[in-house]
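Structure record follows, encoded as structure tokens.
Quick caveat, the model's predicted, so the values are computed rather than measured. Values below: every heavy atom of this structure, side chains too, minus hydrogens, waters and symmetry copies.
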Amino acid sequence: MARVTRDDVARAAGTSTAVVSYVINDGPRPVAAATRARVLAAVDELGYRPNRVAQAMARRRTNLIGMVVPDARQPFFAGLAHMVEQAAAERGRLLLIGNSDYADEREAHYIRAFLGMQVDGLILVTQDPAVPGVAGPDAGDGTPVVLLHHRAETEHGVAVVADDEGGAREVVRHLLEHGHAEVHCFGGTFALSTNDPVTARTAGWAAALADAGLPTEGRLTPAPFDRVRAHAEALALLSRPDRPRAVFCATDDQAIGLLRAADDLGIRVPEDLAVAGFDDIAEAVIAGPPLTTVATAQGEMARAAVDLVLTAREGGTPAPAGARTFPARMVVRRSCGCRPGADRG
């Protein structure tokens, strides 16, 4: 079946293709009500579908925003992407999502692909802020770039982040207030960028110990970010004869892996082991036991990232450089040792 064209609609409506264009695009010139009705009737009768992609490319505004995340299978990134999608929809945009799988080459591939589609802007949850097009305020062709969840490596970068260090410091202090002589950190790594949120959370843990006059040496265990592989690492940690009695996990996924490892080993939480996480993903409420954690303002951060992209796009000037930092708050549940019914946050 041949594709219905604008010429077909014009012939059926007894008007010109220019008038059909004015009706479909709601301008730029006015069309008489009777003529508009004939055009719309012809559109319905013929089943005409405008080529929105071609229209967008012609006016260099696609109403698309590209977003790259490390792994949308992980609940935190899935929730963050959902918030960005909602914020984009509120502004009349569609969101395209690519998974970098923690690989710089794959991240760069999606950046190139989205730029080729002439997206209105890029929102990147990047693992490497030095990727071309990420270090500065735009992607080289004027496309606005905003980092989300990760600070920029240069003074020209634009980022929307949470107070990761402050949130971690607060929840580790809470664990110490339960009377633990030390708090282990599960999830920090030695290979992350200094601007990575997990690096900031590890710094918050270390600061809380320093405030209490406690050492950090030998109390940091690097762990994978997904719960399945974190579970395997947690089994090794909790099987040690000197296993920790309190653990701060840099992410909730890692904490859930650790909780499962404790259950496998017959270690009771919180009686034998106090646990806290970070992110407040949905599963934290139904973890066994419910997980004490730190919540970030994901919805507000998502809207801020979208607003920064679109303001730069529509205003023609780069978004202000630097990081917009949103507060993080502790959410107390039972995994830390607080009594049942003490859940708050």
Heavy-atom pair with the smallest gap, counting every atom of [X] and [Y]:
{"X": "Thr126", "Y": "His150", "answer": "O-CD2, 3.1 Å"}
{"X": "Ala255", "Y": "Gly277", "answer": "CB-CA, 4.2 Å"}
{"X": "His180", "Y": "Arg245", "answer": "CE1-O, 3.6 Å"}
{"X": "Pro224", "Y": "Glu233", "answer": "CD-CB, 4.2 Å"}
{"X": "Tyr102", "Y": "Gln74", "answer": "OH-NE2, 3.0 Å"}

(message) To the closest 0.5 Å, what do you measure between CZ (Arg11) and CZ (Arg6)?
(response)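 One finds 13.5 Å between CZ of Arg11 and CZ of Arg6.
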
Does a salt bridge link [X] with [Y], judged by any charged N lying under 4.0 Å from a carboxylate O?
{"X": "Asp307", "Y": "Arg303", "value": "no"}
{"X": "Arg169", "Y": "Asp211", "value": "yes"}
{"X": "Asp163", "Y": "Arg201", "value": "no"}
{"X": "Arg91", "Y": "Asp120", "value": "no"}

(request) Return the set of residues passing ring-ring contact (aromatic ring centres under 6.0 Å, His included) with Phe114 (not counting sequence neighbours), or none when no residue passes. (result) Tyr110

Please determine whether residues [X] and [Y] belong to a single hydrophobic cluster, defined as Ile, Leu, Val, Met, Phe, Trp and Tyr linked transitively by side-chain heavy-atom distances below 4.5 Å.
{"X": "Val275", "Y": "Val285", "value": "no"}
{"X": "Leu176", "Y": "Leu273", "value": "no"}
{"X": "Leu209", "Y": "Phe278", "value": "yes"}
{"X": "Phe77", "Y": "Ile256", "value": "yes"}

(request) Measure the acute angle between the ring planes of His178 and His174, then classify it against the limits of 30° and 60° as parallel, tilted or perpendicular. (result) perpendicular

(message) If we count only N and O atoms by modelled type, under 3.5 Å, do the side chains of Asp164 and His149 hold a donor and an acceptor together?
(response)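 There is no such pair (donor and acceptor under 3.5 Å, judged by atom type) between the side chains of Asp164 and His149.
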
(request) Scan for side chain to side chain donor-acceptor pair (under 3.5 Å) pairs involving residues 283-294, sequence neighbours excluded, and state none if there are none. (result)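 Every pair satisfying side chain to side chain donor-acceptor pair (under 3.5 Å) with a residue in residues 283-294: Asp252-Thr293.
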
